[in-house]
Amino acid sequence: MNNNILEVRDLKVSFRTYAGEVQAVRGVSFDLKKGEVLAIVGESGCGKSVTAQTIMRLIPSPPSVIKNGSIKFDGKTEITRISNKAMEKIRGSEMGMIFQDPMTSLNPTMTVGKQITEGIIKHQKVSREEANKRALEILKLVGMSNPEGRMQQYPHEFSGGMRQRVMIAIALACNPKLLIADEPTTALDVTIQAQIIELMKKLSEKTEASIIVITHDLGVVAEMAQRVIVMYAGKVVEQGTVDEIFYESKHPYTWGLLRSVPRLDQKKDSELVPIPGTPPDLFAPPKGCAFAARCPYAMGVCGQIDPEHTKLSDTHSAACWLLHEGAPKVERPVEAGGAAR
Ligand SMILES: Nc1ncnc2c1ncn2[C@@H]1O[C@H](COP(=O)(O)OP(=O)(O)OP(=O)(O)O)[C@@H](O)[C@H]1O
Ligand code: SF4
Ligand SMILES: [Mg+2]
């Protein structure tokens, strides 16, 4: 039996603009198991949101074009090929999405109760009474006090954290098999962030939904995810379990990322070191390894030939020439999580 809810293979997505073609996603492959929480991390502009929105078919085409690859959902549906109508049916029933800014995705002219029940009625063919009952249950589940009263209110009457809870409620209302959360806590202040992470963690345990969480925050990764994908310049450069990425990572970009963002499991006074330089221009991605211009370990071959992924365990792989058997041995910097084990 196929245990994967999602299988993404060699996905390439570009934007056609007046200035030329932006190669936003340049050959991304990964699997997501049923019930698993997967984090996608990487610097701004590396293609995390475009990957997620392509899976949900939420980016407008044009300007975006799926140039290559396949996205298989639940073992049967080829997302890149189904009709818009079939996709609309899947969105909101089998897939849900939570965005960074709930205000832009909530309807300001409709009560919160109506927004939750509309989805339920549309996708589940139940009576309004039944939908109301389910909406109340789900608002309780996301920690909303006085759910009856809240159902009658409009989004602007809610705080940022409460709005995010409403978004999560809408996404969960139809028992989706896949939930994608794109920076779900970035717009919130720190205490509310912790509450929303706690809520999502609880929900991931309670519901059977598989979750993709896109985040800049390695604290969110440590709290929620089982597995991590590290993206750079439109490609996956390393993937593994949370422990493999935090303590046994092999890609210099992953090391840089671990040193440059705060982590829950590190002392508060550990120094953060930004990665020098900037990511490459995706109008004209460089030949070879895209990280070469910023990598302290770059060798001659790096600027010429893009390294393939090397399998390090059943769950761990990285794309770096340092993993070639003939390459010089490099120890992972201590600040990136200790010496290599
Ligand atoms: N509508 C668009 N038109 C042209 N280029 C776009 C468009 N949307 C995204 N891009 C480009 O695609 C690339 C990937 O963008 P994406 O939004 O996926 O990045 P991201 O990893 O989510 O970054 P962030 O962490 O800032 O959200 C970027 O180079 C971006 O400029
Ligand atoms: S392939 Fe070369 S440039 Fe790229 S990360 Fe590895 S060592 Fe650095
Ligand atoms: Mg994004």
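We count ligands from 1, going down the list as the structure has it; atoms in each ligand are counted the same way. Values reported hereafter were calculated over all heavy atoms of this structure, with side chains retained and with hydrogens, waters and symmetry mates removed. Fair warning: this is a prediction, and the values are worked out from it, not measured in the lab.
Looking only at heavy atoms of the protein, atom 6 (Fe) of ligand 2 is closest to Cys320 SG, 2.3 Å. Of the protein's non-hydrogen atoms, Cys302 SG, 2.3 Å is the one closest to atom 2 (Fe) of ligand 2. Closest protein heavy atom to atom 11 (C) of ligand 1: Val22 CG1, 4.0 Å. Of the protein's heavy atoms, Trp321 N, 3.2 Å lies nearest to atom 1 (S) of ligand 2. The closest protein non-hydrogen atom to atom 8 (Fe) of ligand 2 is Cys295 SG, 2.3 Å. Closest to atom 4 (Fe) of ligand 2 among all protein heavy atoms lies Cys289 SG, 2.3 Å. In terms of protein heavy-atom proximity, atom 5 (S) of ligand 2 is closest to His251 CE1, 3.5 Å.
From Ser93, atom OG reaches atom CD of Gln124 across 8.5 Å, with rounding to the nearest 0.5 Å. Atom-to-atom distance recorded for Ile196:CD1 and Leu188:CG is 6.0 Å, nearest 0.5 angstrom.
Contacts between Leu282 and ligand 1, counted as non-hydrogen atom pairs separated by less than 4.0 Å, involve the side chain only.
One option in Val50, Val25, Ile214 has a heavy atom closer to atom 15 (O) of ligand 1 than any other, and that option is Val50. Which of Ala293, Gly256, Ala292, Gly288 comes nearest to atom 3 (S) of ligand 2 through a heavy atom is settled by distance: it is Ala292.
On a distance-only criterion, Gly42 and ligand 1 share no N/O pair closer than 3.5 Å. Among the atoms of Thr51, none of the N or O lies under 3.5 angstrom from an N or O of ligand 1. Taking only nitrogen or oxygen atoms, main chain and side chain alike, Cys46 reaches within less than 3.5 Å of ligand 1. Of the polar atoms of Gly45, at least one N or O is found under 3.5 Å from an N or O of ligand 1, judged by distance alone. The shortest N or O to N or O distance between Thr17 and ligand 1 is not below 3.5 Å.
For atom 29 (O) of ligand 1, a protein non-hydrogen atom is found at a distance below 4.0 Å. Atom 7 (C) of ligand 1 is approached by the protein to below 4.0 angstrom, counting heavy atoms only.
For ligand 2, the atoms lying closer than 4.0 Å to a non-hydrogen atom of Pro307 are 1 (S).
Between the side chains of Ser313 and Glu244, at least one donor N or O lies within less than 3.5 Å of an accepting N or O.
Remark: distances from the non-hydrogen atoms of His216 to ligand 1 include one below 4.0 Å.
The Mg ion (ligand 3) lies at 2.8 Å or more from every N, O or S atom belonging to Ser44.
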